[in-house]
**Q** 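Please see the structure below; I have some questions.
All values below were derived from every heavy atom in this structure, side-chain atoms included, with hydrogens, water molecules and symmetry-related copies excluded.
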Amino acid sequence: MSQSVALHLSTGLHGKTIDKDQLDSTVEQYAKYHDLHGGDEEFRKSNYSDLVKKYYDLVTTFTEYHWGQSFHFAPRWHGETLRESIKRFEHFIALQLGLKKGMKVLDVGCGIGGPLREIARFSSTEITGLNNNADQISRGKELISLAGLSEQCNFIEGDFMNMPFPDNTFDAAYAIEDTIHAPDVLGAYREIYRVQKPGQYFALDELCLTDKFDPNNTKHRDIKAEIELGCGLPDVRSTRECIQAIKDAGFEVIFAKDLAEDSDCPWYHEIDPGHFSLKSIISTSRVGHLLTRAIVGTLEFLRIAPKGCNRLFSILQTASHGLLTGSREQIFTVTFFVLGQKPHKESEI
């Protein structure tokens, strides 16, 4: 496993929009947005579009290879595979929204369309995916064509802070770990509110800090900085801030819960070096990480792999460490779910 992961890291990790000769400089530019490399929150927020684009240009192909076509986490039951838990969670979202055939649905920040395709099949709805990354849209169109869903699903290139849709367009909307990239989450939620029809539902799955996060705790701040670097985030908001922003955008909050609290087994088993399985012995263990780093470093030294691969592998490891440590210490959750409803009669916000 480590050998195959290392080879993919070295030869196919970066997106089609990044030339191999530009990989190292792109990684450096991306890293400099973050606190751990001299950046700060204000710098990230003012350049959020470039920050997020660079992040997904760098990690999309590897994420698809290593994690699957749905770029998100999910609560997990014992005996359930990672893929099964992700599909079940996507079905849960469709059920919470009350999706039915004929409804027009918006997927905010759709990635390469893994959830979009699964929810479209499950609900028989028409789904539009909004994404600001042309490389991901291109890959997403390939995948919906292969799935025979081109008549039911489509992609639009655009920014969720300024959506290219008229008011009251969609019967439902969802955002799965995407508005985490927003420089102003209230602005993002207001745009979602604007394009939804009155009386309809919005489902949000968000990465958030919990009430146990202490901004005066140096270790907690370092974990937050690791998550921001590893996940391409301008900031990480708390669950309370998230709920308040949804309310301020005009939605009525129907349901809000950290679904990790009821998960039978931790979502992070797949990236936990301490979790024992035949797969994890090699792929996620400390030995596996060291072996992968050694292989990537050797391929880069021999110029088989482009310069910058090792630095990018370090960023991916930083993501795993921050997500894992933050979740174990319960200062962070990857599955904060909120269901909001746009009132049938809109009031002035």
**Q** Which pairs would a plain distance check flag for residues 153-167, meaning a side-chain donor or acceptor within less than 3.5 Å of a matching protein atom at least two apart in sequence or in another chain?
**A**
from	atom 1	to	atom 2	distance (Å)
Asn154	OD1	Thr128	OG1	2.9
Asp159	OD1	Tyr48	OH	3.3
Asp159	OD1	Met161	N	2.9
Asp159	OD2	Tyr48	OH	2.3
Asp167	OD1	Arg194	NH1	2.8

**Q** State, with a plain yes or no, whether a side-chain heavy atom of Phe170 is found less than 4.5 Å away from one of Lys197.
**A** no

**Q** Report the C-alpha separation of Gln69 and Leu143 in whole Å, then their side-chain angles, then the decisive distance to 0.1 Å, and conclude whether the side chain to side chain contact (heavy atoms under 4.5 Å, CB included) test is met.
**A** CA-CA 9 Å; Gln69 294 170 357; Leu143 293 171; 3.6 Å; yes

**Q** With rounding to the nearest 0.5 Å, note down the distance linking OG in Ser46 to CG in Asp40.
**A** 8.0 Å

**Q** So, do Ser327 and Thr333 sit near enough that their side-chain heavy atoms are less than 4.5 Å apart?
**A** no

**Q** After noting the C-alpha distance and the side-chain angles of Glu329 and Lys219, does the key distance pass the salt bridge (Lys or Arg N to Asp or Glu O under 4.0 Å) rule?
**A** CA-CA 11 Å; Glu329 303 217 354; Lys219 183 179 180 181; 2.5 Å; yes

**Q** By the ring-ring contact (aromatic ring centres under 6.0 Å, His included) test, which pairs, at least two apart or in different chains, include something from residues 210-238?
**A** Phe213-His220

**Q** Is Tyr201 linked to Phe337 within one hydrophobic cluster, defined over Ile, Leu, Val, Met, Phe, Trp and Tyr using a side-chain heavy-atom separation of less than 4.5 Å?
**A** yes

**Q** Judged by atom type as modelled, is there a donor-acceptor pair below 3.5 Å linking the side chain of Glu126 to the main-chain atoms of Met103?
**A** no

**Q** Of all heavy-atom pairs between Ala74 and Phe89, which one has the smallest distance, and what is that distance?
**A** CB-CB, 3.7 Å

**Q** I'd like to know if Arg139 and Glu64 make a salt bridge, using a cut-off of under 4.0 Å between side-chain N and carboxylate O.
**A** yes

**Q** With heavy-atom distances below 4.5 Å as the criterion, would you say the side chains of Phe62 and Trp67 are in contact?
**A** no

**Q** Side-chain donor-acceptor pair under 3.5 Å between Glu228 and His34, yes or no?
**A** no

**Q** Taking ring-ring contact (aromatic ring centres under 6.0 Å, His included) as the test, write out the residues that go with His91, two or more places apart.
**A** Phe122

**Q** Can you measure from OG (Ser49) to CG (Asn132) and round to the nearest 0.5 angstrom?
**A** 5.0 Å

**Q** Between Leu259 and Pro75, which heavy-atom pair has the shortest distance, and what is it?
**A** CB-CG, 3.7 Å

**Q** More than 12 heavy atoms of other residues, nucleotides or ligands under 6.0 Å from CZ of Arg221: is that the case?
**A** yes

**Q** Tell me whether Gln29 at atom CD has more than 12 heavy atoms from other residues, nucleotides or ligands lying less than 6.0 Å away.
**A** yes

**Q** If you take all heavy atoms of Ala147 and Arg117, which pair is closest and at what distance?
**A** CB-CD, 4.1 Å

**Q** With ring centroids as reference points, do Tyr55 and Tyr30 lie under 6.0 angstrom apart?
**A** yes

**Q** Going by distance alone, is a donor N or O of one side chain under 3.5 Å from an acceptor N or O of the other, for Gln200 and Asp171?
**A** no

**Q** How long is the span from the CG atom in Leu186 to the NZ atom in Lys247, to the nearest 0.5 Å?
**A** 14.0 Å

**Q** Flag the pair Ile119 / Ile127 as yes when at least one side-chain heavy-atom distance between them is below 4.5 Å, and no otherwise.
**A** yes

**Q** Does Leu82 offer a backbone N or O that forms a donor-acceptor pair with the side chain of Ser85 under 3.5 Å?
**A** yes

**Q** Applying side chain to side chain contact (heavy atoms under 4.5 Å, CB included), run through Asp24 and Arg311 and close with a yes or a no.
**A** CA-CA 8 Å; Asp24 190 48; Arg311 294 181 66 185; 3.5 Å; yes

**Q** Once you round to the nearest 0.5 Å, how far does CD of Gln330 lie from CG of Leu209?
**A** 14.0 Å

**Q** Out of the candidates Asp235, Asn217, Asp35, only one should pair with Lys224 under the side-chain hydrogen bond (donor to acceptor under 3.5 Å, both in side chains) rule; please name it.
**A** Asp235

**Q** Quick one: closest heavy-atom pair of Ala203 and Ile93, and the distance?
**A** CB-CG2, 4.0 Å

**Q** Can you check whether Thr325 reaches Phe332 side chain to side chain, under 4.5 Å on heavy atoms?
**A** no

**Q** Any donor and acceptor pair, going by atom type alone, linking the side chain of Arg44 with main-chain N or O of Tyr33 inside 3.5 Å?
**A** yes

**Q** Could you measure the distance from the SG atom of Cys110 to the CG atom of Asn133? Nearest 0.5 Å is fine.
**A** 9.5 Å

**Q** Do Lys257 and Asp262 have side-chain heavy atoms sitting under 4.5 Å apart?
**A** yes

**Q** Do the non-hydrogen side-chain atoms of Pro343 and Glu252 ever get within less than 4.5 Å of each other?
**A** yes

**Q** Any side-chain donor-acceptor pair under 3.5 Å between Glu90 and His72?
**A** yes

**Q** I'd like to know if Asp57 pairs up with Lys53 as an ion pair, taking the criterion as any Lys NZ or Arg NE/NH1/NH2 lying under 4.0 Å from an Asp or Glu carboxylate oxygen.
**A** yes

**Q** Go through Phe251 and Lys342 one step at a time and tell me if the side chain to side chain contact (heavy atoms under 4.5 Å, CB included) criterion holds.
**A** CA-CA 5 Å; Phe251 290 103; Lys342 183 173 180 176; 4.2 Å; yes

**Q** Hey, can you pull the donor-acceptor pairs under 3.5 Å for the side chains in residues 172-183, sequence neighbours left out?
**A**
from	atom 1	to	atom 2	distance (Å)
Tyr174	OH	Asp107	OD2	2.8
Glu177	OE2	Phe73	N	2.9
Thr179	OG1	Glu206	OE1	3.0
Thr179	OG1	Glu206	OE2	3.2
His181	ND1	Gly232	O	2.9
His181	NE2	Tyr56	OH	2.9

**Q** Side-chain heavy atoms under 4.5 angstrom apart, residues restricted to Ile, Leu, Val, Met, Phe, Trp, Tyr: same cluster for Phe43 and Leu229?
**A** yes

**Q** Is there a donor-acceptor contact under 3.5 Å from the side chain of Ser25 to the main chain of Gln22?
**A** yes

**Q** List for me each residue that meets side-chain contact (heavy atoms from CB on, under 4.5 Å) alongside Ala256, sequence neighbours excluded, and say none if there are none.
**A** Ile243, Val253, Phe336, Val338

**Q** Atom CZ in Arg121, atom CG in Leu116: separation rounded to 0.5 Å?
**A** 10.0 Å

**Q** Ignoring hydrogens, what is the shortest heavy-atom contact between Leu204 and Cys242? Give both atom names and the distance.
**A** CD2-SG, 3.4 Å

**Q** Is there a side chain to side chain contact (heavy atoms under 4.5 Å, CB included) between Thr335 and Leu207 once you walk through the steps?
**A** CA-CA 6 Å; Thr335 52; Leu207 310 184; over 6 Å; no

**Q** Val185 versus Arg237: any side-chain heavy-atom pair under 4.5 Å?
**A** yes

**Q** Answer yes if Tyr193 and Leu339 sit in the same cluster of Ile, Leu, Val, Met, Phe, Trp and Tyr residues linked by side chain heavy atoms under 4.5 Å apart, and no otherwise.
**A** no

**Q** Show every salt bridge (Lys or Arg N to Asp or Glu O under 4.0 Å) that has at least one partner inside residues 65-81, sequence neighbours left out.
**A** Arg76-Glu270, Glu80-Arg88

**Q** Taking a hydrophobic cluster as the set of Ile, Leu, Val, Met, Phe, Trp and Tyr residues connected by side-chain heavy atoms closer than 4.5 Å, whether directly or through intermediates, do Leu149 and Leu130 fall within one such cluster?
**A** no

**Q** Considering non-hydrogen atoms only, spot the tightest contact between Cys208 and Thr239 and give its length.
**A** CB-CG2, 3.6 Å

**Q** Are the side chain of Glu226 and the backbone of Ile223 linked by a donor-acceptor contact shorter than 3.5 Å?
**A** no

